[in-house]
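The structure under discussion appears below in the form of C-alpha cells.
In the text below, chain A, chain B and the rest are named by the order of the sequence lines, each starting its count at 1.
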Amino acid sequence: MIETTDFEDSALLSAFQRRVYAACCRIPRGRVATYAALAASIDCASPRAVGQALKRNPFAPDVPCHRVVASDLSLGGFMGRRDGPEVLRKKRLLLEEGVGVDPQGRIVPEYLWSFKGDE
DNA sequence: CCATTGACATCGA
DNA sequence: TTCGATGCCAATG
C-alpha cells in the first residue's frame, strides 16, 4: 500500500479538507462524481469549497481527485488547472479507469457515481 | 479581522 | 445555446 496517501499531514490539513479527500476516496475506480454530489456527501452546501480543497490537495493523484468532475459533466480542473495538459492527463486517467469520456471532454452520465448507500 | 480568490452551481438575458 | 451575474463556503493574503 502506498503510505504517501496517508493522512499523516492531517495536522497540516483542516477537518474539512480530509473530509473532501475521504469522500473522494469513496469514489470507486471507473466511476466519477460531481463537485456538488461530493459536497452533498459531506453535508456541505458549497461545491466551491470542495473545489478549493481539491485544488489544495497535497495528495495529488494519490487521492482519486481526478474522479471528481463538474455538474456540467465537464472534466473540471486538475492540479490547479481548469485547462491545459493537466486536464488532459485527468481525462486520460479516467479513460484508463474505464470511464467513458466524449471527445469533447464530456463525462458519460452512465459513469456518474452517487454517494448513496451503494458500494 | 477584513478583503479577495477559487478545480462550482444555478438562474436570467 | 452561449454569456453574464449571483450565491455559497473555505482558504489565503
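Closest to the side chain of A/Ala49, from the set C/dT12, C/dC9, B/dA7, is C/dC9. Out of C/dC9, C/dA11, B/dT10, the shortest distance to the side chain of A/Ser14 is found at C/dA11. Of the candidate nucleotides B/dA7, C/dA11, C/dC9, B/dA7 has the atom lying nearest to any side-chain atom of A/Tyr35. Nearest nucleotide to the A/Phe16 side chain, out of C/dA11, B/dA9, B/dA7: C/dA11. Of the candidate nucleotides C/dT12, C/dC9, B/dA9, B/dA9 has the atom nearest to the side chain of A/Ala36. Among the nucleotides B/dA9, B/dA7, C/dC9, the one closest to the side chain of A/Ala45 is C/dC9. Closest contact between the side chain of A/Asn57 and the listed nucleotides C/dA10, B/dT10, B/dA7 involves B/dA7.
One can place CD of A/Gln17 at 6 Å from P of C/dA11, the figure rounded to the nearest angstrom. If you measure from atom OH of A/Tyr21 to atom P of C/dA11, you get 9 Å, rounded to the nearest angstrom. A straight line from CZ of A/Arg56 to P of B/dA7 spans 8 Å, rounded to a whole angstrom. Rounding to whole angstrom units, CG of residue A/Asp83 and C1' of B/dA7 are separated by 10 Å. If you measure from atom CG of A/Leu112 to atom P of B/dA9, you get 11 Å, rounded to the nearest angstrom. Straight-line distance from the CG atom of A/Leu13 to the C1' atom of C/dA10: 13 Å, rounded to whole Å. Put simply, CZ on A/Phe78 is 19 Å from P on B/dG6, counting in whole angstrom units. Atoms CG (A/Leu73) and P (B/dA7) sit 20 Å apart, rounded to a whole Å.
Between the CG atom of A/Leu54 and the CG atom of A/Leu38 there is a distance of 6.5 Å, given to the nearest 0.5 Å.
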Give the intermediate values and the outcome of salt bridge (Lys or Arg N to Asp or Glu O under 4.0 Å) for residues A/Arg31 and A/Glu97. CA-CA 8 Å; A/Arg31 289 276 196 260; A/Glu97 295 192 352; over 6 Å; no
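Mapping A/Gln52 and A/Pro47 onto DNA chain C via the closest heavy atom, the residue that lands nearer the 5' end is A/Pro47.
A/Gly76 comes within contact range of no nucleotide atom at all, as no heavy-atom separation falls under 4.0 Å.
A/Lys91 places no side-chain N or O within donor-acceptor distance of the main-chain N or O of A/Leu75, the cut-off being under 3.5 Å. Distance alone, capped at 3.5 Å, places no donor-acceptor pair between the A/Asp102 side chain and the A/Gln104 backbone. Side-chain N or O atoms of A/Ser14 include none that pairs as donor or acceptor with a backbone N or O of A/Gln17 at under 3.5 Å.
Using a 4.0 Å cut-off, no side-chain N or O of A/Ser46 falls inside it from OP1 or OP2 of C/dG7.
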